[in-house]
Undergrad: 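Quick one: structure below, then a few questions.
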2 protein chains.
Amino acid sequence: MTETPQVTGRHRELLDQVLDKWSLHVLDRLCEGPLRFNGLRRAIPVVTQKSLTAALRRLERNGMVERVVVSTRPVAVEYRITPLGKTLQDLIDALLLWTADNLPDVERARARFDDASAVAGGE
Amino acid sequence: MTETPQVTGRHRELLDQVLDKWSLHVLDRLCEGPLRFNGLRRAIPVVTQKSLTAALRRLERNGMVERVVVSTRPVAVEYRITPLGKTLQDLIDALLLWTADNLPDVERARARFDDASAVAGGE
DNA sequence: CGGCATCCCTGATGATACTG
DNA sequence: CAGTATCATCAGGGATGCCG
(Lines give C-alpha, C1' and ligand atoms only; values in the text may rest on other atoms or scores of the structure.)
Protein backbone atom coordinates (compact mmCIF):
# COMPACT_ATOMS: atom_id res chain seq x y z
CA MET A 1 0.00 0.00 0.00
CA THR A 2 1.00 3.56 -0.46
CA GLU A 3 2.08 4.97 2.86
CA THR A 4 1.27 8.33 4.37
CA PRO A 5 1.48 10.82 1.58
CA GLN A 6 3.73 13.77 2.21
CA VAL A 7 3.92 17.15 0.62
CA THR A 8 7.21 17.06 -1.22
CA GLY A 9 8.61 19.36 -3.82
CA ARG A 10 7.99 16.97 -6.69
CA HIS A 11 4.39 16.33 -5.68
CA ARG A 12 3.73 19.99 -5.22
CA GLU A 13 5.25 20.76 -8.61
CA LEU A 14 3.07 18.18 -10.32
CA LEU A 15 -0.08 19.51 -8.67
CA ASP A 16 0.90 23.00 -9.75
CA GLN A 17 1.22 21.92 -13.35
CA VAL A 18 -1.98 19.97 -13.42
CA LEU A 19 -4.35 21.92 -11.21
CA ASP A 20 -3.47 25.41 -12.36
CA LYS A 21 -6.01 27.93 -13.43
CA TRP A 22 -6.53 26.87 -17.03
CA SER A 23 -5.60 23.20 -16.88
CA LEU A 24 -8.67 22.45 -14.78
CA HIS A 25 -10.91 24.01 -17.41
CA VAL A 26 -9.14 22.20 -20.22
CA LEU A 27 -9.23 18.80 -18.58
CA ASP A 28 -12.83 19.36 -17.63
CA ARG A 29 -13.78 20.05 -21.23
CA LEU A 30 -11.64 17.36 -22.76
CA CYS A 31 -13.20 14.75 -20.50
CA GLU A 32 -16.39 15.19 -22.50
CA GLY A 33 -14.71 14.57 -25.83
CA PRO A 34 -11.90 15.71 -28.14
CA LEU A 35 -11.73 19.34 -29.16
CA ARG A 36 -9.68 21.43 -31.53
CA PHE A 37 -7.73 24.49 -30.51
CA ASN A 38 -10.33 27.07 -31.37
CA GLY A 39 -13.00 24.76 -30.08
CA LEU A 40 -11.33 24.93 -26.71
CA ARG A 41 -11.07 28.68 -26.97
CA ARG A 42 -14.78 28.88 -27.59
CA ALA A 43 -15.47 26.45 -24.77
CA ILE A 44 -13.42 28.56 -22.37
CA PRO A 45 -14.21 32.08 -23.54
CA VAL A 46 -12.07 33.96 -21.05
CA VAL A 47 -8.76 32.31 -21.89
CA THR A 48 -6.25 33.99 -24.15
CA GLN A 49 -4.52 32.12 -26.91
CA LYS A 50 -1.21 32.36 -25.12
CA SER A 51 -2.44 30.94 -21.87
CA LEU A 52 -4.31 28.17 -23.60
CA THR A 53 -1.26 27.20 -25.62
CA ALA A 54 0.85 27.15 -22.50
CA ALA A 55 -1.67 25.05 -20.59
CA LEU A 56 -1.99 22.57 -23.44
CA ARG A 57 1.77 22.24 -23.77
CA ARG A 58 2.13 21.66 -20.08
CA LEU A 59 -0.63 19.08 -20.03
CA GLU A 60 0.78 17.39 -23.10
CA ARG A 61 4.23 17.27 -21.56
CA ASN A 62 2.84 15.70 -18.44
CA GLY A 63 1.04 13.09 -20.50
CA MET A 64 -2.43 14.28 -19.58
CA VAL A 65 -3.60 15.22 -23.06
CA GLU A 66 -2.68 14.04 -26.53
CA ARG A 67 -2.11 16.34 -29.48
CA VAL A 68 -3.25 14.82 -32.76
CA VAL A 69 -2.36 16.65 -35.96
CA VAL A 70 -4.79 15.91 -38.77
CA SER A 71 -2.95 16.96 -41.91
CA THR A 72 -5.95 18.11 -43.87
CA ARG A 73 -6.56 21.32 -45.82
CA PRO A 74 -5.15 24.10 -43.72
CA VAL A 75 -4.42 21.98 -40.66
CA ALA A 76 -6.50 20.54 -37.92
CA VAL A 77 -5.17 19.83 -34.46
CA GLU A 78 -7.22 17.77 -32.11
CA TYR A 79 -6.67 17.52 -28.40
CA ARG A 80 -7.92 14.52 -26.50
CA ILE A 81 -7.52 13.34 -22.96
CA THR A 82 -5.24 10.40 -22.26
CA PRO A 83 -5.87 7.48 -19.92
CA LEU A 84 -3.47 9.15 -17.49
CA GLY A 85 -5.48 12.33 -17.76
CA LYS A 86 -8.64 10.37 -17.10
CA THR A 87 -7.28 9.30 -13.73
CA LEU A 88 -7.53 12.93 -12.70
CA GLN A 89 -11.16 13.28 -13.63
CA ASP A 90 -12.51 11.85 -10.40
CA LEU A 91 -10.22 14.06 -8.36
CA ILE A 92 -11.25 17.16 -10.25
CA ASP A 93 -14.89 16.26 -9.89
CA ALA A 94 -14.38 15.69 -6.18
CA LEU A 95 -12.68 19.06 -5.90
CA LEU A 96 -15.48 20.85 -7.69
CA LEU A 97 -18.02 18.98 -5.64
CA TRP A 98 -16.25 20.09 -2.50
CA THR A 99 -16.32 23.71 -3.57
CA ALA A 100 -19.98 23.46 -4.50
CA ASP A 101 -20.83 21.91 -1.15
CA ASN A 102 -18.77 24.25 0.99
CA LEU A 103 -18.83 27.55 -0.82
CA PRO A 104 -21.73 28.81 1.30
CA ASP A 105 -19.88 28.05 4.53
CA VAL A 106 -16.74 29.63 3.17
CA GLU A 107 -18.57 32.78 2.16
CA ARG A 108 -20.11 33.04 5.60
CA ALA A 109 -16.65 32.68 7.11
CA ARG A 110 -15.34 35.39 4.81
CA ALA A 111 -18.14 37.73 5.77
CA ARG A 112 -17.44 37.18 9.46
CA PHE A 113 -13.73 37.72 8.96
CA ASP A 114 -14.10 40.85 6.87
CA ASP A 115 -16.61 42.23 9.32
CA ALA A 116 -14.33 41.61 12.29
CA SER A 117 -11.42 43.16 10.40
CA ALA A 118 -13.44 46.27 9.63
CA VAL A 119 -14.30 46.76 13.28
CA ALA A 120 -10.82 46.09 14.55
CA GLY A 121 -9.05 47.90 11.77
CA GLY A 122 -9.88 51.11 9.99
CA GLU A 123 -13.62 51.76 10.17
CA MET B 1 -26.88 13.90 -5.30
CA THR B 2 -25.12 17.00 -6.49
CA GLU B 3 -25.25 17.20 -10.26
CA THR B 4 -22.42 17.65 -12.71
CA PRO B 5 -20.02 20.16 -11.17
CA GLN B 6 -18.84 22.94 -13.40
CA VAL B 7 -15.75 25.06 -13.32
CA THR B 8 -17.00 28.50 -12.46
CA GLY B 9 -15.14 31.59 -11.37
CA ARG B 10 -16.16 31.31 -7.75
CA HIS B 11 -15.16 27.66 -7.51
CA ARG B 12 -11.90 28.33 -9.19
CA GLU B 13 -11.19 31.22 -6.86
CA LEU B 14 -11.87 29.08 -3.82
CA LEU B 15 -9.61 26.30 -5.03
CA ASP B 16 -6.91 28.87 -5.70
CA GLN B 17 -7.09 30.13 -2.15
CA VAL B 18 -7.18 26.74 -0.55
CA LEU B 19 -4.89 24.61 -2.71
CA ASP B 20 -2.13 27.11 -3.25
CA LYS B 21 1.50 26.34 -2.65
CA TRP B 22 1.68 26.92 1.09
CA SER B 23 -1.90 26.27 2.15
CA LEU B 24 -1.49 22.59 1.34
CA HIS B 25 1.54 22.37 3.61
CA VAL B 26 -0.17 24.28 6.37
CA LEU B 27 -3.39 22.28 6.29
CA ASP B 28 -1.37 19.09 6.10
CA ARG B 29 0.52 20.00 9.27
CA LEU B 30 -2.42 21.40 11.15
CA CYS B 31 -4.39 18.21 10.55
CA GLU B 32 -1.97 16.51 12.93
CA GLY B 33 -2.54 19.02 15.69
CA PRO B 34 -2.40 22.71 16.61
CA LEU B 35 0.80 24.63 16.07
CA ARG B 36 2.08 28.09 16.81
CA PHE B 37 3.46 30.46 14.23
CA ASN B 38 7.11 29.60 14.60
CA GLY B 39 6.17 25.99 15.07
CA LEU B 40 4.71 26.07 11.59
CA ARG B 41 7.81 27.80 10.27
CA ARG B 42 9.92 25.03 11.68
CA ALA B 43 7.55 22.41 10.30
CA ILE B 44 7.75 23.94 6.83
CA PRO B 45 11.37 25.03 6.67
CA VAL B 46 11.31 26.56 3.19
CA VAL B 47 8.54 29.05 3.77
CA THR B 48 9.22 32.70 4.52
CA GLN B 49 7.34 34.41 7.31
CA LYS B 50 5.61 36.66 4.84
CA SER B 51 4.26 33.84 2.75
CA LEU B 52 3.27 31.90 5.84
CA THR B 53 1.45 34.89 7.27
CA ALA B 54 -0.37 35.41 4.00
CA ALA B 55 -1.35 31.76 3.75
CA LEU B 56 -2.61 31.69 7.32
CA ARG B 57 -4.65 34.86 6.83
CA ARG B 58 -6.19 33.47 3.70
CA LEU B 59 -7.02 30.16 5.34
CA GLU B 60 -8.39 31.94 8.37
CA ARG B 61 -10.55 34.17 6.22
CA ASN B 62 -11.93 31.17 4.41
CA GLY B 63 -12.75 29.50 7.69
CA MET B 64 -10.26 26.68 7.26
CA VAL B 65 -8.08 27.45 10.27
CA GLU B 66 -8.70 29.17 13.57
CA ARG B 67 -6.37 31.69 15.14
CA VAL B 68 -6.28 31.50 18.91
CA VAL B 69 -4.44 34.23 20.78
CA VAL B 70 -3.18 33.11 24.18
CA SER B 71 -2.49 36.34 26.03
CA THR B 72 0.44 35.15 28.06
CA ARG B 73 3.74 36.93 28.69
CA PRO B 74 5.06 37.84 25.29
CA VAL B 75 2.15 36.41 23.33
CA ALA B 76 1.32 33.01 21.99
CA VAL B 77 -0.78 32.44 18.91
CA GLU B 78 -2.03 29.01 18.17
CA TYR B 79 -3.39 27.87 14.85
CA ARG B 80 -5.74 24.95 14.65
CA ILE B 81 -7.76 23.42 11.88
CA THR B 82 -11.50 23.96 11.87
CA PRO B 83 -14.21 21.38 11.08
CA LEU B 84 -14.55 23.06 7.70
CA GLY B 85 -10.84 22.68 7.16
CA LYS B 86 -11.08 19.03 8.14
CA THR B 87 -13.43 18.42 5.22
CA LEU B 88 -10.51 19.17 2.93
CA GLN B 89 -8.21 16.63 4.48
CA ASP B 90 -9.50 13.68 2.48
CA LEU B 91 -9.26 15.64 -0.74
CA ILE B 92 -5.72 16.70 -0.02
CA ASP B 93 -4.74 13.17 0.87
CA ALA B 94 -6.35 11.93 -2.34
CA LEU B 95 -4.44 14.53 -4.31
CA LEU B 96 -1.15 13.57 -2.74
CA LEU B 97 -1.94 9.93 -3.23
CA TRP B 98 -2.64 10.60 -6.88
CA THR B 99 0.69 12.34 -7.35
CA ALA B 100 2.49 9.54 -5.57
CA ASP B 101 0.80 6.93 -7.74
CA ASN B 102 1.23 8.69 -11.05
CA LEU B 103 4.47 10.59 -10.72
CA PRO B 104 6.43 7.81 -12.44
CA ASP B 105 4.08 7.82 -15.43
CA VAL B 106 4.20 11.57 -15.59
CA GLU B 107 7.97 11.62 -15.51
CA ARG B 108 8.10 9.08 -18.31
CA ALA B 109 5.73 11.25 -20.32
CA ARG B 110 7.92 14.26 -19.67
CA ALA B 111 11.02 12.42 -20.79
CA ARG B 112 9.30 11.36 -24.02
CA PHE B 113 8.06 14.87 -24.67
CA ASP B 114 11.36 16.55 -23.97
CA ASP B 115 13.13 13.99 -26.10
CA ALA B 116 10.77 14.53 -29.03
CA SER B 117 11.12 18.28 -28.66
CA ALA B 118 14.89 18.05 -28.72
CA VAL B 119 14.81 16.08 -31.97
CA ALA B 120 12.25 18.30 -33.66
CA GLY B 121 13.66 21.52 -32.33
CA GLY B 122 17.22 22.66 -31.83
CA GLU B 123 19.33 19.57 -32.14
C1' DC C 1 -6.73 27.32 -38.70
C1' DG C 2 -3.22 26.89 -35.15
C1' DG C 3 0.10 28.60 -33.52
C1' DC C 4 4.86 31.46 -32.04
C1' DA C 5 7.32 35.99 -31.00
C1' DT C 6 7.37 40.37 -28.77
C1' DC C 7 6.34 43.99 -25.48
C1' DC C 8 4.52 45.38 -21.34
C1' DC C 9 2.43 45.36 -16.94
C1' DT C 10 0.80 43.59 -12.71
C1' DG C 11 0.61 40.42 -8.84
C1' DA C 12 2.99 37.14 -6.18
C1' DT C 13 7.26 36.10 -3.68
C1' DG C 14 11.71 36.68 -1.44
C1' DA C 15 15.06 39.31 1.46
C1' DT C 16 15.66 42.53 4.92
C1' DA C 17 14.58 45.50 8.68
C1' DC C 18 11.67 47.16 12.33
C1' DT C 19 7.73 46.84 16.12
C1' DG C 20 4.08 45.58 19.93
C1' DC D 1 7.06 35.56 19.88
C1' DA D 2 4.39 37.08 16.09
C1' DG D 3 4.03 39.72 13.13
C1' DT D 4 4.09 44.54 9.80
C1' DA D 5 6.57 47.47 6.37
C1' DT D 6 9.48 48.21 2.49
C1' DC D 7 12.08 47.23 -1.49
C1' DA D 8 13.53 44.32 -5.37
C1' DT D 9 12.64 40.60 -8.38
C1' DC D 10 10.40 37.90 -11.58
C1' DA D 11 7.23 34.71 -13.75
C1' DG D 12 2.38 34.88 -15.70
C1' DG D 13 -0.83 36.86 -18.47
C1' DG D 14 -2.88 40.27 -21.76
C1' DA D 15 -2.46 42.75 -26.32
C1' DT D 16 -0.71 42.78 -30.70
C1' DG D 17 1.33 41.18 -34.95
C1' DC D 18 3.33 37.63 -38.05
C1' DC D 19 3.81 32.80 -40.18
C1' DG D 20 2.95 27.85 -42.18
Side-chain angles (χ1 to χ4, degrees), chain A residues 7 9 12-13 15-26 29-30 34-62 65-80 113 116-117 120-122, chain B residues 7 9 12-26 29-30 34-62 65-80 113 116-118 120-122:
Chain A
V7 185
R12 188 57 242 178
E13 184 207 12
L15 287 180
D16 281 341
Q17 301 219 346
V18 146
L19 294 183
D20 80 294
K21 182 167 182 174
W22 300 117
S23 297
L24 267 200
H25 288 272
V26 171
R29 290 310 182 150
L30 256 31
L35 278 174
R36 308 226 306 257
F37 189 80
N38 284 327
L40 275 168
R41 288 195 70 174
R42 276 187 296 274
I44 314 170
V46 283
V47 74
T48 65
Q49 163 277 331
K50 184 179 177 179
S51 303
L52 181 56
T53 302
L56 284 170
R57 284 287 170 282
R58 212 169 19 242
L59 289 174
E60 188 194 356
R61 188 173 110 90
N62 286 292
V65 308
E66 191 188 2
R67 184 171 178 273
V68 184
V69 182
V70 187
S71 303
T72 49
R73 310 189 294 109
V75 261
V77 181
E78 206 178 71
Y79 292 92
R80 52 179 68 231
F113 183 90
S117 300
Chain B
V7 183
R12 186 58 242 180
E13 183 207 11
L14 178 51
L15 288 180
D16 280 342
Q17 301 217 351
V18 146
L19 294 182
D20 81 295
K21 182 168 182 173
W22 300 118
S23 297
L24 268 199
H25 288 272
V26 170
R29 289 311 183 150
L30 254 32
L35 277 173
R36 306 226 308 256
F37 189 81
N38 283 328
L40 275 168
R41 288 194 69 176
R42 275 187 295 275
I44 313 170
V46 282
V47 74
T48 65
Q49 92 291 41
K50 183 180 179 179
S51 302
L52 181 56
T53 301
L56 284 170
R57 283 289 171 284
R58 209 165 27 238
L59 289 173
E60 187 194 356
R61 188 173 110 90
N62 287 294
V65 308
E66 190 187 3
R67 183 171 178 274
V68 185
V69 181
V70 187
S71 301
T72 49
R73 299 201 302 105
V75 262
V77 180
E78 204 179 72
Y79 292 93
R80 51 179 67 229
F113 184 89
S117 300

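Heavy atoms only: backbone and side chains are in, while hydrogens, waters and symmetry mates are out. Each chain gets a letter, A, B and so on, in the order its sequence line appears, and its residues count up from 1.
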Undergrad: Please report, rounded to the nearest Å, how far the P atom of dG17(D) is from the CD atom of Gln49(A).
TA: 14 Å

Undergrad: Checking side-chain contact (heavy atoms from CB on, under 4.5 Å) against Arg80(B), which of Val65(B), Leu35(B), Val68(B) comes through?
TA: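 Running side-chain contact (heavy atoms from CB on, under 4.5 Å) over Val65(B), Leu35(B), Val68(B) with Arg80(B) returns exactly one hit, Val68(B).
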
Undergrad: Would you indicate, yes or no, if dG12(D) has its OP1 or OP2 atom less than 4.0 angstrom from a side-chain nitrogen or oxygen of Ser51(A)?
TA: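 Negative; the distance criterion is not met.
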
Undergrad: Just to be sure I understand the geometry, which residues of residues 37-45 of chain A put a non-hydrogen atom under 4.0 Å away from DNA chain C?
TA: Phe37(A), Asn38(A)

Undergrad: Considering every strand and a 4.0 Å limit on heavy-atom distances, what is the contact class for Val75(A): base, sugar-phosphate, or nothing?
TA: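 Touches a base.
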
Undergrad: Can Val26(A) and Ile44(A) be said to form a side chain to side chain contact (heavy atoms under 4.5 Å, CB included), step by step?
TA: CA-CA 8 Å; Val26(A) 171; Ile44(A) 314 170; 4.0 Å; yes

Undergrad: Minimum heavy-atom separation for Ser23(A) and Gln17(A), please, with both atom names.
TA: OG-O, 3.5 Å

Undergrad: Do the side-chain N and O atoms of Gln49(B) and Thr53(B) include a donor-acceptor pair separated by under 3.5 angstrom?
TA: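 Side chains of Gln49(B) and Thr53(B): no pair found under 3.5 Å.
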
Undergrad: Between Arg58(A) and Glu60(A), does at least one N-O distance fall below 4.0 Å, as a salt bridge requires?
TA: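 A salt bridge is absent here (no side-chain N lies under 4.0 Å from a carboxylate O).
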
Undergrad: Contact class for Lys50(B) (heavy atom, under 4.0 Å): base, sugar-phosphate, or nothing?
TA: base

Undergrad: Give, ordered by number, those residues of residues 52-59 of chain B having at least one heavy-atom distance below 4.0 Å to an atom of DNA chain D; if nothing qualifies, reply none.
TA: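 Output list: Thr53(B), Arg57(B).
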
Undergrad: Would you check, one step at a time, whether the test side chain to side chain contact (heavy atoms under 4.5 Å, CB included) holds for Arg57(B) with Arg67(B)?
TA: CA-CA 9 Å; Arg57(B) 283 289 171 284; Arg67(B) 183 171 178 274; 3.8 Å; yes

Undergrad: In sequence, state the C-alpha distance, the side-chain angles, and the governing distance for Arg12(A) and Leu24(B), and then conclude on side chain to side chain contact (heavy atoms under 4.5 Å, CB included).
TA: CA-CA 9 Å; Arg12(A) 188 57 242 178; Leu24(B) 268 199; 2.8 Å; yes

Undergrad: What is the distance, to the nearest angstrom, from the CG atom on Leu35(B) to the P atom on dA2(D)?
TA: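 One finds 11 Å between P of dA2(D) and CG of Leu35(B), rounded.
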
Undergrad: Give the rounded distance in Å between these two atoms: CG of Asp16(A) and C1' of dG12(D).
TA: 13 Å

Undergrad: Pair Leu52(A), Trp22(A) - check side chain to side chain contact (heavy atoms under 4.5 Å, CB included), show working.
TA: CA-CA 7 Å; Leu52(A) 181 56; Trp22(A) 300 117; 5.9 Å; no

Undergrad: Earliest and latest nucleotide of DNA chain C, 5' to 3', sitting under 4.0 Å from a non-hydrogen atom of chain A?
TA: dC1(C) to dC7(C)

Undergrad: For the pair Thr48(A) (side chain) and Ser51(A) (backbone), establish whether a donor and an acceptor sit closer than 3.5 Å, ignoring hydrogens and angles.
TA: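 Side chain of Thr48(A) to backbone of Ser51(A), a donor-acceptor pair under 3.5 Å: yes, one is there.
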
Undergrad: Calculate, to the nearest 0.5 Å, the distance between atoms OH and CG belonging to Tyr79(A) and Leu40(A) respectively.
TA: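 Answer for the OH-CG pair, Tyr79(A) versus Leu40(A), is 8.0 Å.
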
Undergrad: Check the phosphate of dA2(D) against Arg36(B), side-chain N and O only, distance under 4.0 Å to OP1 or OP2. Yes or no?
TA: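 For Arg36(B), the contact criterion (side-chain N or O under 4.0 Å from OP1 or OP2 of dA2(D)) is met.
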
Undergrad: Which atom names give the shortest non-hydrogen contact between His25(A) and Lys21(A), and what distance separates them?
TA: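 In terms of heavy atoms, the two residues are closest at CD2-O, 3.1 Å.
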
